Engineer: 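Sharing a structure, written as structure tokens. Questions coming.
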Number of protein chains: 2
Amino acid sequence: MTLKTLDNSLEVLKYFNKENPTWGVRELAKEMNISHSIIYRILATFENQGFLIQNPETKKYELGLRFLEYGQMVKDKLNLSDFVLPIMKNLAEAIKESVFLTWLDGTDGVTVEIAESSQTIKFSVSIGTRTPLHIGASCKTIMAFLPEERKKEIVDHGMKRLTPETITDPDEMLADLEKIQQQGWCFTTGEYSHSVFGLGVPLFNSKREVIASLTIAGPIYRKPTEEKLPEMVNVLQYGAMNIQRYFDQYSFKLYHD
Amino acid sequence: MTLKTLDNSLEVLKYFNKENPTWGVRELAKEMNISHSIIYRILATFENQGFLIQNPETKKYELGLRFLEYGQMVKDKLNLSDFVLPIMKNLAEAIKESVFLTWLDGTDGVTVEIAESSQTIKFSVSIGTRTPLHIGASCKTIMAFLPEERKKEIVDHGMKRLTPETITDPDEMLADLEKIQQQGWCFTTGEYSHSVFGLGVPLFNSKREVIASLTIAGPIYRKPTEEKLPEMVNVLQYGAMNIQRYFDQYSFKLYHD
DNA sequence: CTCATATGTCTCTATAATAGAACCGTAATT
DNA sequence: AATTACGGTTCTATTATAGAGACATATGAG
């Protein structure tokens with residue numbers, strides 16, 4: 001059904017991440033338990049096309065400038081900076097915490113836009129960061145509004161633990177999602193990282209399918225008290241309403257399977 | 001030597017550009033003169049891996065969020081925004097024109113950072129834009145400082161014309177590059193686009209090989225007079241000197257074949 | 001309604017590309 | 001001098017792919 005060679009090659013690409021930005025041929029081959037000849041051919045082909053470059057001294061490979069091009073095209077397509085980012089910045093200023101927009105992509109949430117808090121201690125994450133849907137406020141908010149069968153798929157697929165707070169039990173997760181869906185927002189502490197709190201609300205496309213979430217996050221010692229939480233939810237929902245209005249107007253062009 | 005399947009697949013990916021951001025299976029197959037079965041398998045495989053997404057209504061494919069991730073990683077690696085971008089912004093403010101940084105990548109120049117002019121009419125281009133080395137001030141500046149054999153390769157490979165001003169004659173180009181190399185800067189009008197002027201100076205790695213250029217560009221009606229040009233060159237070279245100092249300090253990690 | 005022409009997806013098999021072991025030259029380390 | 005690592009190359013049995021064709025579906029025309 002799919003092309004095995006291409007599939008394998010893209011799998012190889014995925015080993016180039018923030019933690020391991022450069023790989024030697026044999027080094028990567030060992031990591032993947034594949035013959036180094038194969039890895040060599042894959043890396044060389046990517047390099048020929050500018051998707052990877054090889055350091056002429058160390059002979060190691062890293063991501064090439066071609067990705068700048070494609071990344072920018074995706075960014076332009078989303079076109080969030082003109083209207084959505086200002087709303088997020090206002091929110092970040094009002095709440096004094098970082099605000100970010102997370103997009104649904106398969107079984108992950110992807111951070112597509114960020115408005116950072118002006119405070120020196122703040123939650124900070126890169127654009128393009130990918131997180132499984134069962135972890136953290138931004139992702140669980142999205143997951144809670146997915147069709148039941150897709151929730152089932154995710155919990156059945158096995159939920160990896162990131163911190164002690166990560167929910168990994170299927171029934172516990174489904175109950176949690178049920179609650180999130182009913183109240184319309186999700187508040188978490190320490191799920192994604194042990195020192196971080198998050199508060200998320202969902203965003204929908206024109207067919208009322210969830211496509212994204214808007215989230216506030218900050219260090220756990222600044223987390224809102226139980227009395228303050230409703231106010232924060234209110235402010236966040238007001239921001240989300242504005243973004244939702246924009247989405248509705250320009251009926252968004254990003255999908256999920 | 002290289003993997004044909006992967007090579008072809010990456011070639012397919014290159015058809016997704018700003019002008020044609022979405023493709024149907026048969027539409028793209030026709031464009032590339034390839035069987036639609038092949039294109040279908042390639043697109044489906046990319047989609048499986050999140051590199052493309054398919055609009056469930058139109059069934060057409062477009063770039064997926066995976067590229068946000070990779071694009072951001074390349075950007076982080078270049079790490080220009082902390083030190084180099086401020087210098088560029090100062091320059092742009094002083095000269096009142098857009099300033100951009102172009103990186104050498106194979107036989108192309110790639111725009112990696114931009115400081116836009118505050119004027120309403122300004123030269124504007126996206127990050128990641130790719131231009132053949134023989135076109136425009138930013139690229140010719142780089143080409144002029146390449147080893148002679150690489151210049152030869154490029155001129156012999158045939159130089160595509162973008163505007164009537166584009167130099168396509170090999171001897172004329174080599175003479176032009178010789179002049180640029182001697183004076184240390186390159187001034188062009190109407191080569192990249194008929195209504196644009198550009199002024200570029202080169203940047204080098206620790207081995208004194210050219211790796212990038214710093215360029216000013218604006219609408220042609222604001223181009224500097226012959227008397228004003230030396231002053232503009234001075235200001236640009238001063239900015240380039242600061243960036244060069246930064247490069248030398250943090251010996252840069254991007255290469256070329 | 002019927003016909004014609006699109007579309008994405010799937011199946012089949014001859015054929016061509018790939019996998020993977022073994023090898024080479026080089027460079028660093030012992 | 002010997003060993004061990006590295007990136008890159010060669011070879012051929014094996015396997016995945018190319019490409020034609022078919023299918024279901026959608027669209028538009030007459």
Side-chain angles (χ1 to χ4, degrees), chain A residues 1-16 20-64 106 206-207 251 253-257, chain B residues 1-16 20-64 106 206-207 209 253-257:
Chain A
M1 192 177 93
T2 55
L3 292 174
K4 205 181 162 229
T5 307
L6 176 55
D7 209 62
N8 287 341
S9 302
L10 295 178
E11 211 53 61
V12 168
L13 249 197
K14 291 187 183 167
Y15 278 76
F16 291 82
N20 304 86
T22 67
W23 287 98
V25 171
R26 276 177 140 96
E27 183 185 6
L28 183 49
K30 205 175 287 174
E31 177 77 18
M32 297 186 73
N33 265 316
I34 299 182
S35 157
H36 69 273
S37 315
I38 302 173
I39 297 292
Y40 170 70
R41 279 189 296 256
I42 292 173
L43 297 184
T45 308
F46 274 127
E47 200 211 357
N48 262 336
Q49 295 269 11
F51 287 85
L52 293 176
I53 44 174
Q54 188 181 35
N55 182 326
E57 279 139 35
T58 67
K59 299 285 182 184
K60 286 176 191 289
Y61 292 80
E62 52 191 284
L63 295 176
S206 56
K207 285 146 71 188
S251 68
K253 292 284 156 32
L254 263 183
Y255 326 94
H256 39 89
D257 26 325
Chain B
M1 195 177 94
T2 54
L3 292 174
K4 207 183 161 229
T5 308
L6 176 55
D7 209 62
N8 287 342
S9 302
L10 295 178
E11 211 55 59
V12 168
L13 206 53
K14 291 188 185 168
Y15 278 76
F16 291 82
N20 303 88
T22 67
W23 287 97
V25 170
R26 277 177 139 97
E27 181 186 7
L28 183 49
K30 206 174 285 173
E31 177 77 19
M32 296 186 74
N33 263 314
I34 298 183
S35 158
H36 65 272
S37 317
I38 302 172
I39 297 292
Y40 169 72
R41 279 190 296 257
I42 292 173
L43 297 184
T45 308
F46 275 126
E47 202 212 355
N48 261 334
Q49 295 270 11
F51 287 85
L52 293 176
I53 44 175
Q54 187 181 37
N55 182 325
E57 277 141 36
T58 66
K59 299 283 183 185
K60 287 176 191 287
Y61 292 83
E62 53 191 284
L63 295 177
S206 57
K207 285 147 69 189
E209 296 161 340
K253 292 282 156 35
L254 263 183
Y255 326 94
H256 37 89
D257 28 324

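All figures in this text were calculated on a predicted structure; none of them were measured in a lab. The chains referred to below are lettered A, B, ... by the order of the sequence lines, with proteins before strands, and numbering in each begins at 1. Side chains are part of it too, since the values below use all heavy atoms of this structure and drop only hydrogens, waters and symmetry mates.
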Engineer: What's the spacing between Asn8(B) CG and Met32(B) CE if we round to 0.5 Å?
Structural biologist: 7.5 Å
Engineer: Would you mind reading off the distance between Asn33(A) atom CG and dA19(C) atom P, rounded to a whole angstrom?
Structural biologist: 16 Å
Engineer: So, does the side chain of His36(B) form a donor-acceptor pair with the base of dG8(C) at under 3.5 Å?
Structural biologist: no
Engineer: Give, for atom CD of Glu11(B) and atom CD1 of Ile34(B), the distance between the pair rounded to the nearest 0.5 Å.
Structural biologist: 9.0 Å
Engineer: Looking at every strand, decide which applies to Leu3(B) at a 4.0 Å heavy-atom threshold: base, sugar-phosphate, or nothing.
Structural biologist: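 Since only primed, P, OP1 and OP2 atoms lie under 4.0 Å of Leu3(B), the category is sugar-phosphate.
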Engineer: Show the numbers, then the answer: is there a side chain to side chain contact (heavy atoms under 4.5 Å, CB included) between Leu6(B) and Phe46(A)?
Structural biologist: CA-CA 8 Å; Leu6(B) 176 55; Phe46(A) 274 127; 3.9 Å; yes
Engineer: To the nearest Å, how far apart are Leu28(B) CG and dT9(C) P?
Structural biologist: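 It works out to 13 Å between those atoms.
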Engineer: Tell me, yes or no, whether the heavy-atom count around Lys30(A) atom NZ, taken from other residues, nucleotides or ligands under 6.0 Å, exceeds 12.
Structural biologist: no
Engineer: Taking only side-chain nitrogens and oxygens of Lys4(B), does any of them come within less than 4.0 Å of OP1 or OP2 of dA17(C)?
Structural biologist: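 True: Lys4(B) side-chain N/O within range (under 4.0 Å) of dA17(C) OP1/OP2.
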Engineer: For a quick check, tell me whether the side chain of Thr5(B) and the base of dA16(D) share a donor-acceptor pair closer than 3.5 Å.
Structural biologist: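 Answer no: no donor N or O sits under 3.5 Å from an acceptor.
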Engineer: Is Ser37(A) side chain donor-acceptor paired with the dG8(D) base, going by distance under 3.5 Å alone?
Structural biologist: no
Engineer: Got a donor-acceptor contact below 3.5 angstrom from the Thr22(A) side chain to the Lys60(A) backbone?
Structural biologist: no
Engineer: In whole angstroms, how far is the C1' atom of dA16(D) from the CG atom of Leu6(B)?
Structural biologist: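 Roughly 14 Å, once rounded to whole Å.
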Engineer: Is the closest side-chain heavy-atom distance between Leu13(B) and Phe51(A) below 4.5 Å?
Structural biologist: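 Yes - at least one pair of side-chain heavy atoms lies under 4.5 Å apart.
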Engineer: So for the helix from dC1(C)-dG30(D) to dT30(C)-dA1(D), with five pairs setting each end axis, what is the inter-axis angle to 10°?
Structural biologist: 40°
Engineer: Rounding to an integer number of Å, can you tell me how far Arg26(A) CZ sits from dA27(C) P?
Structural biologist: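 Nearest whole value for this atom pair: 16 Å.
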Engineer: For the backbone of Lys59(A) and the side chain of Gln54(A), can you confirm whether one donor and one acceptor N or O come within less than 3.5 Å of each other?
Structural biologist: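 Between the backbone of Lys59(A) and the side chain of Gln54(A) there is a qualifying donor-acceptor contact (under 3.5 Å).
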Engineer: Which nucleotide, dG20(C), dG7(D), dT7(C), lies nearest any side-chain atom of Val25(A)?
Structural biologist: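 Out of dG20(C), dG7(D), dT7(C), the nucleotide with an atom closest to Val25(A)'s side chain is dG7(D).
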Engineer: Could you check how far CD1 of Ile38(A) sits from P of dA22(C), rounded to whole Å?
Structural biologist: 14 Å
Engineer: Spell out, as yes or no, whether a donor-acceptor pair under 3.5 Å connects the side chain of Thr45(A) to the backbone of Leu3(B).
Structural biologist: yes
Engineer: Using a strict heavy-atom distance below 4.0 Å, which residues from residues 39-46 of chain B are in contact with DNA chain D?
Structural biologist: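 Heavy-atom contacts with DNA chain D come from Arg41(B).
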Engineer: Roughly how far apart are Lys14(A) NZ and Asn20(A) CG, rounded to 0.5 Å?
Structural biologist: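 Answer rounded to 0.5 Å: 15.5 Å.
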Engineer: What integer distance in Å separates Lys59(B):NZ from dA26(D):P?
Structural biologist: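 Going from NZ in Lys59(B) over to P in dA26(D) covers 10 Å.
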Engineer: Using heavy atoms to find the nearest nucleotide of DNA chain D for Ser35(B) and Gly24(A) separately, return the residue whose nucleotide is more 5′.
Structural biologist: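 This one resolves to Gly24(A).
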Engineer: For dT9(C), take OP1 and OP2 only and decide whether either is under 4.0 Å from a side-chain N or O of Gln54(B).
Structural biologist: yes
Engineer: Take atom CE of Met32(A) and atom P of dA19(C), then tell me their distance rounded to the nearest Å.
Structural biologist: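 It works out to 12 Å between those atoms.
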Engineer: Going through the checks in order, is the side chain to side chain contact (heavy atoms under 4.5 Å, CB included) test met by Leu28(B) and Phe16(B)?
Structural biologist: CA-CA 10 Å; Leu28(B) 183 49; Phe16(B) 291 82; 4.1 Å; yes
Engineer: Can you check the Glu57(A) CD to dA27(C) P distance for me, whole Å?
Structural biologist: 14 Å
